[in-house]
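See below for the structure under consideration.
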Number of protein chains: 2
Amino acid sequence: MAGRPRNEQARRDILRTAADLASVDGLDGLTLGRLSTTLGLSKSGLFGYFGSKEELQLATVRRATEVILDEVITPALRIPPGVERVRALCARWLDYSRTRVFPGGCFFFAVMAEFDARPGPLREALAEGSRAWTGLITSSIAEAVELGELAEDTDPAQLAFELIAFMENANSVSLLQDDADAYRRAERAIGNRLGGRRSVITD
Amino acid sequence: MAGRPRNEQARRDILRTAADLASVDGLDGLTLGRLSTTLGLSKSGLFGYFGSKEELQLATVRRATEVILDEVITPALRIPPGVERVRALCARWLDYSRTRVFPGGCFFFAVMAEFDARPGPLREALAEGSRAWTGLITSSIAEAVELGELAEDTDPAQLAFELIAFMENANSVSLLQDDADAYRRAERAIGNRLGGRRSVITD
DNA sequence: CCTACCGATCGGTAGG
DNA sequence: CCTACCGATCGGTAGG
């Protein structure tokens, strides 16, 4: 709104780089000095875009949210409501993590663990993003139940908790152990929960 | 081994405080200045215990491992092998997270997300701890299968992945959303996986 | 957008 | 274990 329209694209590019750095080193590890060096501009020039370190951090969170919308949510929502949409949300998210759209894996996983115990605007922004994602999975599951594609005694919030747990743990294990098998484990767990298959004899 | 035996307990106390601070602010956010002020001793006096920031960080990881052994693993291993031991490991871990033995929730969750994309001795130490925990859950599940207390087609590594996912996600959601329900969701998911109950009509 | 700077804090050292 | 420092880097400002 109160903007520098001419610099809007430059600002977006700066924030995309900031999100890459923060996915590895965290939003505190994201310093004005390192970011300005990476971008090849002066520290005070960079600072002028944001006015404070905290505003840079908040703007980076908003930019990373856009990336997830583009990479995961918008494509998955092209699938009509039902269990296939839930599957697509999970599959897109796992691809987003696995292909390292951010070099440190999921941006939100990295920074939520950094701020989840530190009250302030960053924690609130991250909590809001997490609620929106959980809400989207929950309501997509509820639609699939209404359509008769999932068992009618399914608790959508409970199942959403479980699916998100599988996705986040795949991200975490694959990063820490350098073990891409974690994604196959998550896919198998998700397939079992959504496909009605009871046993583990899946593939 | 090559020790200052007289200072051993002081060192342990220092590291217990360091683990508390790091669970909230991370192992980078753990600075010699803040830790020395918290403890009421001089920065160089504190420094002398460790010789480098990285050694302080590594020693803090080892001290936090002891806490988990005392709070979670040793008590659970008093239960004989079988599904009740698996249940006890999960229940103890959830209590350890829920009661905020560390003020920032599970110490390892906080610092694994910090270092999982940053090669070096800290990432290796955390990866080793994570492998040991995953291995303990996996072998405890395998024992329960051998005892006929879990279905014989159970894949222990797969089930361990799923149980750990539920535990970590409960820790994460409870911290970020201030929502203790997350622990009930994890308990329900774990109960369903270990108790053979299919439906969600659990409590 | 830049150069040049500010006080505070960082990890670490000298010397006792 | 302490006081007193070191150079580097932090977020941020002055002035252009």
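Lettering follows sequence order; numbering is per chain, from 1. Since this is a predicted model, take the numbers as computed values, not measurements.
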Rounded to whole Å, please give me the gap between [atom1] in [X] and [atom2] in [N].
| X | N | atom1 | atom2 | answer |
| --- | --- | --- | --- | --- |
| B:Phe50 | C:dT13 | CZ | C1' | 18 Å |
| A:Leu21 | D:dC10 | CG | P | 12 Å |
| A:Arg34 | D:dG11 | CZ | P | 10 Å |
| A:Glu55 | D:dG11 | CD | P | 15 Å |
| A:Lys53 | C:dA8 | NZ | P | 19 Å |
| A:Tyr49 | D:dT13 | OH | C1' | 19 Å |
| A:Leu27 | D:dC10 | CG | P | 15 Å |
| B:Arg11 | D:dC1 | CZ | P | 12 Å |

Selection from [options] that lies nearest to any side-chain heavy atom of [X]:
| X | options | result |
| --- | --- | --- |
| A:Lys43 | C:dG11, D:dG12, D:dC2 | D:dG12 |
| B:Ser52 | C:dG12, D:dC1, D:dG11 | C:dG12 |
| A:Asn7 | C:dC1, D:dC10, D:dC1 | C:dC1 |
| B:Phe47 | D:dG12, C:dG12, C:dC2 | C:dG12 |
| B:Ser44 | C:dG11, D:dA14, D:dA4 | D:dA4 |

Check your understanding: How would you label the contact of A:Thr31 with the nucleic acid (heavy atoms, under 4.0 Å): base, sugar-phosphate, or nothing?
Key ->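 Answer is sugar-phosphate: A:Thr31 comes under 4.0 Å of backbone atoms only.
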Check your understanding: Is A:Leu41 touching bases, backbone alone, or none of the nucleic acid, heavy atoms closer than 4.0 Å?
Key ->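 Sugar-phosphate, no base atom in range.
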Check your understanding: Any chance the rings of A:Phe109 and B:Phe109 have centres within less than 6.0 Å?
Key ->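 Centroid separation for A:Phe109 and B:Phe109: below 6.0 Å.
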Review point. Any side-chain donor-acceptor pair under 3.5 Å between B:Ser140 and B:Arg87?
Key: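 No donor-acceptor contact under 3.5 Å links the two side chains.
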Review point. Looking only at side chains, do A:Ser174 and A:Arg100 share a donor and an acceptor under 3.5 Å apart?
Key: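 Distance-only check passes for A:Ser174 and A:Arg100.
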Point to revise | Pair B:Asp13 + B:Arg16, salt bridge at N-O below 4.0 Å | key: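 Here B:Asp13 does not pair with B:Arg16 in a salt bridge, since their nearest N and O are not under 4.0 Å apart.
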Check your understanding: Can B:Glu66 and B:Arg63 be counted as an ion pair, charged N to O under 4.0 angstrom?
Key ->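 Salt bridge flag = yes for B:Arg63 with B:Glu66.
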Check your understanding: Given that both distances must come in under 3.5 Å, which nucleotide forms a Watson-Crick or G-U wobble pair with C:dT13?
Key ->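 Paired with D:dA4.
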